[in-house]
Amino acid sequence: MNYYPPCANAHDKVVGLTPHSDAAGLTLLLQVSPVAGLQIRRNGKWFPVMPLSGALVVNIGYILEILTNGRYKSIEHKAVINAKEERISIAAFHSPSLGKTVGPLAEIVDKETPLFKSLSMQEYAKLVFSQKLNGKSIIELMKLNP
Ligand SMILES: O=C(O)CCC(=O)C(=O)O
Ligand SMILES: [Fe+2]
């Protein structure tokens with residue numbers, strides 16, 4: 001669960017959640033408060049994703065990008081703070097179990113060159129937790145030819 005208190009310095013000095021893509025496979029996100037905050041980056045521009053009552057936002061994370069050898073792209077997003085209102089969101093991250101492999105699927109790399117390394121879920125988790133929540137660094141580290 002994410003809690004963003006209201007903050008008068010919302011626009012210049014304070015950030016809610018820095019730009020990142022989720023390290024998981026698939027994220028289901030519930031925007032609990034009817035307050036704008038979530039933004040996604042597309043073609044270099046930030047777009048708001050307005051809360052819709054009862055709707056879940058489905059985000060593709062790095063693991064799905066890696067499993068599909070880059071066919072499905074992870075989405076970069078951030079959360080901004082509102083000057084007057086608090087905001088709550090709940091994210092459920094879905095990933096393979098420990099012991100499974102995070103790497104391009106065999107049935108895909110049968111026919112094309114793998115773009116990413118294959119790591120055990122434990123090794124991948126170690127890599128994730130050694131990085132800051134910032135931009136695209138984890139996927140860069142997973143690339144075979146960065
Ligand atoms: O608060 C939000 O809308 C985004 C939360 C998020 O990106 C996350 O928990 O990874
Ligand atoms: Fe996220």
Side-chain angles (χ1 to χ4, degrees), residues 1-105 108-109 114-146:
M1 180 182 290
N2 301 296
Y3 176 69
Y4 307 93
C7 178
N9 288 329
H11 292 300
D12 46 1
K13 299 196 183 73
V14 177
V15 84
L17 205 49
T18 52
H20 67 281
S21 294
D22 295 336
L26 202 70
T27 305
L28 300 183
L29 181 83
L30 180 66
Q31 304 199 73
V32 178
S33 320
V35 175
L38 176 64
Q39 297 187 1
I40 58 165
R41 179 147 49 194
R42 201 173 154 77
N43 300 327
K45 279 194 182 164
W46 288 104
F47 295 92
V49 180
M50 301 307 281
L52 193 62
S53 176
L56 294 171
V57 176
V58 180
N59 278 340
I60 290 177
Y62 288 143
I63 292 182
L64 211 52
E65 179 162 351
I66 294 164
L67 291 179
T68 61
N69 205 33
R71 281 181 201 185
Y72 286 15
K73 307 275 184 241
S74 56
I75 183 78
E76 195 176 350
H77 56 284
K78 65 179 180 180
V80 299
I81 296 269
N82 190 285
K84 296 211 171 71
E85 289 174 279
E86 66 175 21
R87 178 170 175 272
I88 291 173
S89 69
I90 300 174
F93 302 109
H94 298 78
S95 297
S97 340
L98 292 177
K100 299 287 184 205
T101 301
V102 177
L105 293 169
I108 291 182
V109 292
L115 300 177
F116 301 101
K117 297 175 196 169
S118 290
L119 297 183
S120 70
M121 191 54 203
Q122 282 94 325
E123 289 168 323
Y124 177 75
K126 260 193 207 161
L127 183 87
V128 169
F129 291 119
S130 70
Q131 298 303 308
K132 291 194 176 144
L133 191 67
N134 200 351
K136 289 261 163 192
S137 61
I138 296 163
I139 199 95
E140 289 305 317
L141 294 171
M142 286 298 288
K143 281 185 184 160
L144 281 169
N145 296 304

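In each ligand, atom 1 is the first atom listed, and ligand 1 is the first ligand listed. Not measured: the values here are computed from a predicted model.
- For the atom pair CD1 of Ile40 and CD1 of Ile75, the computed distance is 4.5 Å after rounding to the nearest 0.5 Å.
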Verdict with reasoning, Tyr62 to Val102, per side-chain contact (heavy atoms from CB on, under 4.5 Å): CA-CA 10 Å; Tyr62 288 143; Val102 177; over 6 Å; no

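- Around the Fe ion (ligand 2), protein atoms of type N, O or S found under 2.8 Å number 3.
- Using a 4.0 Å cut-off between a side-chain N of Lys or Arg and a carboxylate O of Asp or Glu, Lys143 and Glu140 qualify as a salt bridge.
- Between Gln31 and ligand 1, a contact under 3.5 Å exists for no N or O pair.
- If you number the atoms of ligand 1 from 1 as listed, the ones under 4.0 Å from a heavy atom of Ala91 come out as 9 (O).
- Note: Ile60 CD1 to Leu26 CG = 7.0 Å, rounded to the nearest 0.5 Å.
- With rounding to the nearest 0.5 Å, the separation of CD in Glu76 from CD1 in Ile139 is 12.0 Å.
- Looking at Phe93 against ligand 1, only its side chain comes within 4.0 Å, counting heavy atoms.
- Of the inter-residue distances, the one linking Asn59 atom CG with Phe93 atom CZ reads 9.0 Å to the nearest 0.5 angstrom.
- Ligand 1 lies nowhere less than 4.0 angstrom from a heavy atom belonging to Lys78.
- Counting heavy atoms closer than 4.0 Å to ligand 1, residue Thr27 contributes nothing at all.
- When heavy-atom distances to ligand 1 are checked against a 4.0 Å cut-off, Val57 has no atom that comes that close, whether in backbone or side chain.
- For ligand 1, the atoms lying closer than 4.0 Å to a non-hydrogen atom of Tyr4 are 1 (O), 2 (C), 4 (C), 5 (C).
- Rounded to the nearest 0.5 Å, atoms NZ (Lys100) and CG (Leu67) are 12.0 Å apart.
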Pair Val49-Gln31, side-chain contact (heavy atoms from CB on, under 4.5 Å): steps then yes or no: CA-CA 10 Å; Val49 180; Gln31 304 199 73; 4.0 Å; yes

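- Ser95 places no side-chain N or O within 3.5 Å of a backbone atom of Ala24 that could act as its donor or acceptor partner.
- Heavy atoms of Leu17 found under 4.0 angstrom from ligand 1 belong exclusively to the side chain.
- Atoms of ligand 1 lying under 4.0 Å from any heavy atom of Asp22, numbered from 1 in the order shown and given with element: 10 (O).
- Note: Arg41 CZ to Lys78 NZ = 7.5 Å, rounded to the nearest 0.5 Å.
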